[in-house]
Amino acid sequence: MKICIHRGTKEIGGTCIEVESQGKHIVLDIGLPLDAPEDEESQKNLLPEVAGFEKQDDSLLGALISHSHIDHYGLASKIKNKNIPVWIGEGAHNIMRAAVPYVPNGFAFDAPNFLKNRQLFDLGPFRITPYLVDHSAFDAYAFLIEADGKSVFYSADFRAHGRKSYLFKNLLANPPSNIDVLLMEGTTIGRLKTMKGFKSEQELEEEFYQAFNKTEGLHFVWTSTQNIDRIVTIFKAAKRAKRLLIIDLYLAEVLKATGHEKIPQSDWCEVKVYIPQLQRVFIKKNKLFSNRDQHKKYRIYPQKLIELSKKSVMIFRPRSMHDKGIINSLDGAALTYSMWEGYLKQDSSLKVLDWLQKNNIPQDIIHTSGHASVVDLKKFAEALNPNRLVPIHTFEPEKYNEHFSNVQYHQDGQWWDV
Ligand SMILES: [Zn+2]
Ligand SMILES: [Zn+2]
């Protein structure tokens, strides 16, 4: 078995790995680099050179997509050959499909195959076992790839402090054995606090609860629509604080797409749907009437929003901050930022910070990483005990040696034997 990391040996994002055995090959993730230019043509040029991407090549058996973060699937839409079989989690696929009309350059795979936790399958010479992992993306997987008597484990993105931390514990208690190569992510290596471990989603729930209790008016939380773990955390804290959770149509659709009975939905009595003016225009323009009508019974309108504001938590969208209903509900409001702090420094965030200041809205930050701390990465590496550990999805590959044994370095685009 041979491996080529097309991209990812020294960067976070844009991950793409090709694995070859007996003249056949598969691809793990087809991500968009985080610093990719926005125009489609330039993005096309970033697509790794893989036989079968440009035109049909029977040696390419398929692509496995670990999860629905753009840095793991974002270049897939640029592939000319549309006949490559794809495997992805069903929940991840449904979320991508639900998001298509609501996000710029929305994309979903056409009729993919679905991964199931620990249900192995054969693809030519490869035996593949997907492992459901705890990550900030819903329905995310790591992969064990076996061929030619060798074993490779690709961690993809994972953590141990989310709402599915039991998955991490289970893997540690019963790890796959005889791993020749572990391709392990190291997103948080070199980041602050990573040596001590990160706060759990449960701890965040308590912090949100305290924050909601202190706020007199509407409490906004600025977070990612597709971070389902975080939405659940916010919902639970809001419920404890006896507040409703107010969501928009995009989030209502994403929650529905999870198909998960324990994840809050628009028809739960503690949830309401508020569709801001800009989203109403958007619905009309894109004819999303059936989407809208499915949540009709649970909708509230501007007057009701004002009435409920002191007893609610609203998921904040920067583009809706000038909505009239929202503007009229700001009495005693507060905002909690709940994403990576780096985004706050971007130009697009300045407008929001300005808006908060002008409206005298106090703000705080409650967040935890979607990725494992170094403490947990060490436990993971020790449990899998690979012959060689290869850095991937990191800006600090040279630091792996300080934390892990048997580290082996490779360059992007270089082929090497397992
Ligand atoms: Zn990633
Ligand atoms: Zn991710």
Side-chain angles (χ1 to χ4, degrees), residues 5-17 27-36 43 46 48 63-77 86-89 91-96 99 103 107-109 115 117 130-143 153-165 167-168 171 182-191 194 198 201 223-232 254 258 338-343 367-374 376-377 380 390-397 400 412:
I5 299 174
H6 287 287
R7 194 181 287 110
T9 60
K10 50 179 84 61
E11 71 184 272
I12 293 171
T15 307
C16 185
I17 306 155
V27 166
L28 312 176
D29 286 336
I30 311 167
L32 183 73
L34 293 181
D35 58 357
Q43 287 186 4
L46 296 172
L64 312 179
I65 304 298
S66 62
H67 63 286
S68 59
H69 277 158
I70 198 156
D71 62 318
H72 294 261
Y73 75 81
L75 284 178
S77 61
V86 170
W87 279 260
I88 186 171
H93 169 68
N94 287 340
I95 286 179
M96 282 171 72
V103 295
F107 168 77
F109 292 100
L115 301 165
N117 188 25
Y131 285 78
L132 186 66
V133 293
D134 183 20
H135 182 41
S136 48
F138 186 71
D139 199 21
Y141 293 86
F143 298 108
F153 197 93
Y154 167 45
S155 75
D157 291 0
F158 74 103
R159 63 176 173 176
H161 55 277
R163 294 208 157 264
K164 292 180 293 303
S165 54
L167 292 168
F168 181 78
L171 191 62
L182 169 61
L183 301 162
M184 189 179 77
E185 74 125 309
T187 310
T188 71
I189 293 174
R191 283 194 187 165
T194 185
F198 296 133
E201 287 288 332
T223 191
S224 156
T225 299
Q226 295 193 25
N227 186 342
I228 305 296
D229 263 22
R230 189 60 42 81
I231 300 293
V232 171
V254 165
T258 63
S338 190
M339 290 186 283
W340 180 54
E341 284 180 46
Y343 295 136
H367 182 57
T368 195
S369 177
H371 299 269
S373 65
V374 166
D376 292 327
L377 289 174
F380 186 78
V390 177
I392 194 161
H393 201 281
T394 180
F395 283 123
E396 309 271 4
Y400 271 59
D412 281 2

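Atoms within a ligand are numbered from 1 in the order they appear, just like the ligands themselves. None of these values were measured; they are calculated from a predicted model.
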Sequence neighbours excluded and cut-off under 3.5 Å, please list the side-chain donor-acceptor pairs for residues 132-139, or say none.
unit_1 : atom_1 : unit_2 : atom_2 : d
Asp134 : OD1    : Lys164 : N      : 3.4
Asp134 : OD2    : Gly162 : N      : 2.8
His135 : ND1    : Gly370 : O      : 2.8
His135 : NE2    : His67  : NE2    : 3.3
His135 : NE2    : His69  : ND1    : 3.2
Asp139 : OD1    : Tyr141 : OH     : 2.9
Asp139 : OD2    : Glu90  : N      : 3.1
Asp139 : OD2    : Gly91  : N      : 2.8
Asp139 : OD2    : Ala92  : N      : 3.1

* Asked: Strictly under 6.0 Å, is that where the ring centroids of His72 and His393 end up?
  ->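 Centroid separation for His72 and His393: below 6.0 Å.
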
* Could you list the residues that satisfy side chain to side chain contact (heavy atoms under 4.5 Å, CB included) with Arg191, not counting sequence neighbours? =>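 Partners of Arg191 under the side chain to side chain contact (heavy atoms under 4.5 Å, CB included) test: Ile12, Thr187, Trp340.
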
* Asked: Looking only at heavy atoms, which two atoms of Ser155 and Met184 are closest? And how far apart?
  ->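 In this case the closest contact between Ser155 and Met184 is OG-CA, 3.5 Å.
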
* Asked: Which pair of non-hydrogen atoms, one from Ser68 and one from Gln226, has the smallest distance, and what is that distance?
  ->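 Nearest pair, atom of Ser68 first, then Gln226: O-OE1, 4.1 Å.
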
* To do: Spell out the protein N/O/S atoms under 2.8 Å from the Zn ion (ligand 1) as residue plus atom name.
  =>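 Those protein N, O or S atoms (cut-off: under 2.8 Å from the Zn ion (ligand 1)) are Asp71 OD2, His72 NE2, Asp157 OD2, His393 NE2.
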
* Asked: Can you name the salt bridge (Lys or Arg N to Asp or Glu O under 4.0 Å) partners of Glu201, sequence neighbours left out?
  ->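 Here the qualifying residues are Arg159, Arg230.
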
